[in-house]
Structure formats: C-alpha cells, structure tokens
Amino acid sequence: MGNLSYAIVGTGALGGFYGAKLQKAGNEVHFLVNSDYQQVIKHGLTIESKDGDFRLPQVQVYNQVEKMPSCDVVVVSIKTTQNHILTQILPPLVKDDSIVLVLQNGLGIETEIAQIVSNVNIIGGLCFLCSNKIAPGHIHHLDYGKITLGEYATNYNAVGITERMKAIFQDFENAGIEIELTEDLLLGRWKKLMWNIPYNGLSVILDATTDEIMADMYTRTLVEQLMKEVQLGAKSTGRIIPDSFIQTMLDYTVKMKPYRTSMKIDFDENRPLEVEAIVGNPLRIAAEHDVSLPLIRCLYQQLKFLDNRNIGDR
Ligand SMILES: NC(=O)C1=CN([C@@H]2O[C@H](COP(=O)(O)OP(=O)(O)OC[C@H]3O[C@@H](n4cnc5c(N)ncnc54)[C@H](OP(=O)(O)O)[C@@H]3O)[C@@H](O)[C@H]2O)C=CC1
Ligand SMILES: CC(C)(CO)C(=O)C(=O)O
C-alpha cells in the first residue's frame with residue numbers, strides 16, 4: 001500500500017497515465033475529469049502502454065471538485081492553457097502541508113500556484129513522457145515516462161532534496177514509474193525547455209515531426225541555435241547548462257521514434273497552444289534579467305499568430 005493519497009487534476013494523457021499506475025500499485029487516487037465523466041464512471045480507465053496494457057474498471061472519479069476529499073498530493077496535469085481554473089480547483093483540494101505536484105511543461109507555473117495556495121509545498125516534475133489521450137478514459141502511452149522532481153521555493157531558490165520529495169519518489173518508484181530527484185528545480189525546468197522550445201515550436205510552424213526536423217540541415221541548425229538561446233535564458237537566471245547537454249538533446253531526438261510533439265497535436269486538434277507557459281514565460285523571465293532571446297521571440301510571435309488564427313476556427 002502506498003503512503004500518500006493523490007488527487008489528479010486533469011485525467012488526460014499524462015495525469016491519467018501516472019494516476020492509473022499509482023492506483024494499480026495500491027495508492028489512494030481521486031481523479032478529476034471534464035468531458036470524460038460518464039465514460040470513466042461506467043468503465044474506468046484503459047491504459048495502452050508499451051510497458052503493458054491494463055484496465056482499472058473502477059476508479060474514484062469526480063466532475064466537481066467540491067465532492068473530492070483533500071489529498072496529500074494534488075497533481076496538476078491539465079494543460080497550462082486551462083490554468084485559470086486552478087484558483088477554484090486548488091483551495092478545496094489542499095490541506096495544510098499538502099503537496100501540489102506540477103507535472104506540466106513550461107516555466108513559472110509554480111510561482112503562479114504559490115500565489116493561489118500559500119499553505120502548501122510545491123514540487124515541480126519534468127516529465128519525459130510520450131502519451132496521448134485517444135478516447136474518453138483511454139490513454140495511449142507510446143514511449144518513455146521518466147519524471148525528474150524538484151522542490152519549489154520563492155524565486156526558484158534551490159532547496160536540495162526534501163523528505164516530501166523522497167516520499168513521492170517512493171510511491172512513484174513502487175508504481176513502476178522511473179523517477180529521479182534534482183536539487184535545483186529551475187535548472188531542471190530550463191533543461192526540459194531545451195527540448196520543448198525548439199521542437200514544440202518548430203513542429204507547429206513547420207508542420208513537421210521530430211525526425212523531419214532533424215533530417216534537414218537547415219532546421220537541425222535552427223534547433224541548435226534555439227537551444228543555445230535557451231542556454232542563455234538559463235544563464236540569465238544563474239543556471240549553467242553545459243554545451244554537451246545540447247548535443248545530448250540532439251542525439252536523444254535523433255534516436256526517438258518519429259514524434260508529433262504535444263503542441264503539434266494540440267494545433268492539429270484545434271486546441272489552444274501552451275505558448276505562454278513554454279515560450280512566453282521563459283522569454284519574459286530572461287527579459288527581467290536584461291537578456292533578450294531574438295530567435296525564441298521570433299518563434300513566439302509566429303506561434304501567437306497561428307494560435308490566434310486557430311481560435312477563429314474553434
Ligand atoms: N502527454 C505527454 O506525453 C506530456 C505532457 N506534458 C504536459 O502535461 C500537461 C498535460 O498534458 P496532457 O496530459 O498531454 O493533456 P491532455 O489534454 O491529454 O489532458 C488534460 C486533461 O485535463 C482535462 N481537463 C480540462 N479541463 C478540466 C477541468 N476543468 N476539470 C477537470 N479536468 C479538466 C481534460 O479533459 P477534457 O479533454 O475532457 O477537456 C484532459 O483530459 C501539459 O502541460 C503538457 O505539456 C509533459 C510531458 C509529456
Ligand atoms: C519531450 C516530450 C516529447 C516528451 O516529454 C514533450 O514534452 C512534448 O511533446 O511536449
């Protein structure tokens with residue numbers, strides 16, 4: 001039996017996958033859903049995974065946060081484009097000393113959450129996961145899944161490895177989820193952005209998969225230049241990412257199965273893009289430290305155009 005109780009805020013590709021694995025391992029898990037309520041209450045969750053398919057015929061599912069119990073860990077796994085709902089969702093779900101675990105992509109979300117709920121501890125998780133929700137309550141896990149956890153403190157000061165992080169580590173590891181701990185959440189977030197900024201952005205602008213981007217000399221060079229700007233952004237906040245990490249990310253992507261990034265999937269499905277969390281916030285945070293990132297700004301401006309044009313089609 002796991003130690004902590006979990007509330008999954010957003011039972012989609014990521015939250016549905018990790019939440020189901022935690023429940024399967026014996027943890028108490030409560031799932032908040034949106035449009036999937038009828039399906040999940042009748043049939044539970046179905047996980048198709050490269051690590052083995054499984055079904056949870058019965059899960060504790062809710063479509064109203066007021067009906068959920070407060071939990072030890074509240075996992076934030078909606079898209080960042082929906083984060084405006086967190087002002088309503090988080091206060092009833094947390095108790096003193098709850099942990100809010102932010103598994104979303106992007107930068108600066110923990111600071112926003114600290115302004116909504118002040119009586120909690122906030123931990124960020126960087127997820128190297130390739131997963132899609134392919135039907136209501138039906139998740140397809142394609143590849144990877146490792147999470148890197150780091151605890152948040154004001155101004156992203158590094159706070160080392162805490163007992164809270166260790167407790168979550170234990171539950172996730174017991175559930176068969178690959179997990180590691182980092183002493184510096186901000187460094188971890190910038191490292192994740194080194195992948196997300198170039199590939200998520202270019203996949204939408206160029207209408208391309210990761211393998212197509214890497215196969216072409218011009219776009220491969222552009223990826224590298226964008227990564228160098230992410231490195232500068234990290235440096236503006238006092239975090240050093242070595243050049244060798246850029247090469248590691250390029251090699252990692254070449255080895256990846258051809259992948260349609262999450263931003264590209266959102267674009268193709270006519271959903272709002274996580275541009276602000278993934279591209280806008282890093283730009284703004286670097287600018288606060290007097291560093292401009294012109295290539296990333298150019299990417300941002302194009303993504304905003306495409307996202308706004310899509311809104312008309314929604
Ligand atoms: N998928 C992946 O492999 C990875 C995702 N991430 C990050 O994880 C985050 C989540 O992404 P992902 O799981 O892919 O997104 P999904 O769209 O698959 O999941 C989000 C879920 O949140 C639900 N939701 C939306 N609004 C509400 C609401 N008001 N109340 C309850 N539930 C709601 C959606 O339900 P409905 O569809 O009914 O609206 C959906 O099931 C993003 O920040 C993403 O960048 C990071 C790494 C990998
Ligand atoms: C790096 C990757 C592919 C998986 O973690 C991702 O974050 C995304 O598609 O947004």
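In each ligand, atom 1 is the first atom listed, and ligand 1 is the first ligand listed.
- In summary, the atoms of ligand 2 found under 4.0 Å from a heavy atom of Phe128, numbered by their order in the structure, are 5 (O).
- When heavy-atom distances to ligand 1 are checked against a 4.0 Å cut-off, Val33 comes that close only through its backbone atoms N, CA, C and O.
- Proximity of Asn63 to ligand 1, defined as any heavy-atom pair under 4.0 Å, is not found for any part of the residue.
- The nearest heavy-atom contact from the protein to atom 4 (C) of ligand 2 is Leu129 O, 2.8 Å.
- Listed by atom number, the atoms of ligand 1 under 4.0 Å from Ile85 heavy atoms are 28 (C), 29 (N).
- Of all heavy-atom pairs between Pro282 and Ala277, the closest is CD-O, 3.6 Å.
- With a heavy-atom cut-off of 4.0 Å, Arg271 does not touch ligand 1 at all.
- Heavy atoms from both the backbone and the side chain of Asn105 come within less than 4.0 Å of ligand 1.
- Those atoms of ligand 1 with a heavy atom of Gln104 less than 4.0 angstrom away are 43 (O).
- At a heavy-atom cutoff of 4.0 Å, ligand 1 is contacted by both the backbone and the side chain of Ser131.
- Residue, atom and distance of the protein heavy atom nearest to atom 16 (P) of ligand 1 are Ala13 N, 3.9 Å.
- Val204 and Leu306 get closest at one heavy-atom pair: CG1-CD1, 3.9 Å.
- The part of Cys130 lying near ligand 1 is the backbone, judged by heavy-atom distances below 4.0 Å.
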